Amino acid sequence: MAQIPKTASKDRFLGFAITPLTRRRIENFKANRRGFVSFWIFLFLFTGCLFAELVANDKPLLVRFNGNLYAPVLVSYPEAAFGGEFETEADYRDPFVKNLIETQGWMLWPPIRFSYDTINYDLEVPSPAPPSRENWLGTDDHGRDVVARLIYGFRISVLFGLTLTLFSSVVGITAGAVQGYFGGLTDLLFQRFIEIWAGLPILYLLIILASVTEPNFWWLLGLMLLFSWMALEGVVRAEFLRARNFEYVRAARALGVSTPVIMFRHLLPNAMVATLTLLPFILSGSITTLTSLDFLGFGLPPGSPSLGEMLAQGKTNLQAPWLGMTAFATLAVMLSLLVFIGEAVRDAFDPRKVLK
């Protein structure tokens, strides 16, 4: 008797099974053309900025000198390695060092020959200098290249937002799950604590703490994490309160399934649908918060590449409109892309959204 071939109920992509529900969500995401295109544009920009050292740097990517290859962008070499006199790190923009290397080899530079903290001492006009062939978007009031600071600032903003969103999701989902599943006195005490905690003035706390210690990336991340997790707590709590008395949950309890397994294996997937739709908006809010703090002077340390610091320079130097316009355009494009992506994710996880 001929065997009847088995039809696969699941597609596979890169070794992972794709269920029909997942495929429907992917198709819904693609159907939102604005969000789908925004996702690829944002991914391209973020990937390029993630390797900012290879795009904008005051060190060559590769140096060939006296028959040997060097990678200054990865390793620090003393000037003496290229025939100089000093044992300190070589300044490859120095005409003396450039002449030493080019007489016995060559240098491969990145597209932008400035890092975020490189000062251009060869400007023909006072800083801030207008856009030119060497500085595509001009310089700030310290003579630093705007394009280089824009690339590094974009990377810091997105990485800060992604890290804060990840940690906030873990804390918020855990807190909401505990509240919703146990309910009763646990939920009551948590809710009273959240009401008090949410009423604390975050900006005042930042001002007070900034006068005590110098803020940095991780300091700001930890402080913002203390408050940002509440954005997801309410959604997860509501889902757990709704589903904790469903029949399959009661059956799992009767079979002796442990509480953590019921919470995070059976109930959490129901709450994740509403949670995932909020993540792009939490990310954009995190980026906006960091930008606002940098603009007010309570953010990253002075000299750090920051979009908020560029906005502050644009406000201070009204005679240099390229500073404010560049920072504003970057923030507008970044936040617009994230909002469009969030709308596409919302459509993807909307159970009422069916492709025709």
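Note that the structure is a prediction, hence the values are computed from the model and not measured.
Here the closest non-hydrogen pair linking Phe227 and Met230 is O-CE, 3.3 Å. For the pair Phe114 and Ala148, the tightest heavy-atom approach, listed with the atom from each and the gap, is O-CB, 3.5 Å.
Grouped with Val170 in a hydrophobic cluster is no other residue, since no side-chain heavy-atom contact under 4.5 Å to another Ile, Leu, Val, Met, Phe, Trp or Tyr is found.
Checking side-chain atoms of Thr139 against main-chain N and O of Ala129 turns up a donor-acceptor pair under 3.5 Å. The main-chain N or O of Phe96 is found under 3.5 Å from a side-chain atom of Asp94 such that the two form a donor-acceptor pair. Judged by distance alone, the side chain of Asp140 and the main-chain N or O of Gly143 form a donor-acceptor pair under 3.5 Å.
A salt bridge links Glu309 with Arg149; the closest basic N to acidic carboxylate O contact falls under 4.0 Å. Taking the charged nitrogens against the carboxylate oxygens, Arg144 and Asp117 have no contact shorter than 4.0 Å, which rules out a salt bridge. Using a cutoff of 4.0 Å between basic side-chain nitrogens and carboxylate oxygens, Arg250 and Glu247 are not scored as salt-bridged. At a threshold of 4.0 Å, the pair Glu343-Arg346 does not count as salt-bridged, since none of the basic side-chain nitrogens sits closer than that to a carboxylate oxygen.
Under the 30°/60° scheme for interplanar angles, the aromatic rings of Phe193 and Trp229 are found to lie parallel.
In this structure, CZ on Phe281 lies 10.5 Å from CD1 on Ile341, to the nearest 0.5 angstrom. The CE atom of Met334 sits 5.0 Å away from the CG atom of Leu307 when rounded to the nearest 0.5 Å.
Screening residues 49-60 for side chain to side chain donor-acceptor pair (under 3.5 Å), with sequence neighbours left out, gives Glu53-Arg155, Asp58-Thr118, Lys59-Glu89.
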Given Glu195 and Arg192, is the salt bridge (charged side-chain N to carboxylate O under 4.0 Å, His left out) satisfied, shown in steps? CA-CA 5 Å; Glu195 290 174 1; Arg192 302 292 79 77; 2.6 Å; yes

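Between Phe240 and Tyr181, the ring centre distance reaches or exceeds 6.0 Å. With ring centers used as reference points, Phe340 lies 6.0 Å or more from Phe42.
At a threshold of 4.5 Å between side-chain heavy atoms, the hydrophobic network of Ile, Leu, Val, Met, Phe, Trp and Tyr places Leu45 and Phe328 in two separate groups. Linking ILVMFWY residues whenever their side-chain heavy atoms come closer than 4.5 Å, directly or via other members, leaves Leu323 and Ile119 in distinct clusters.
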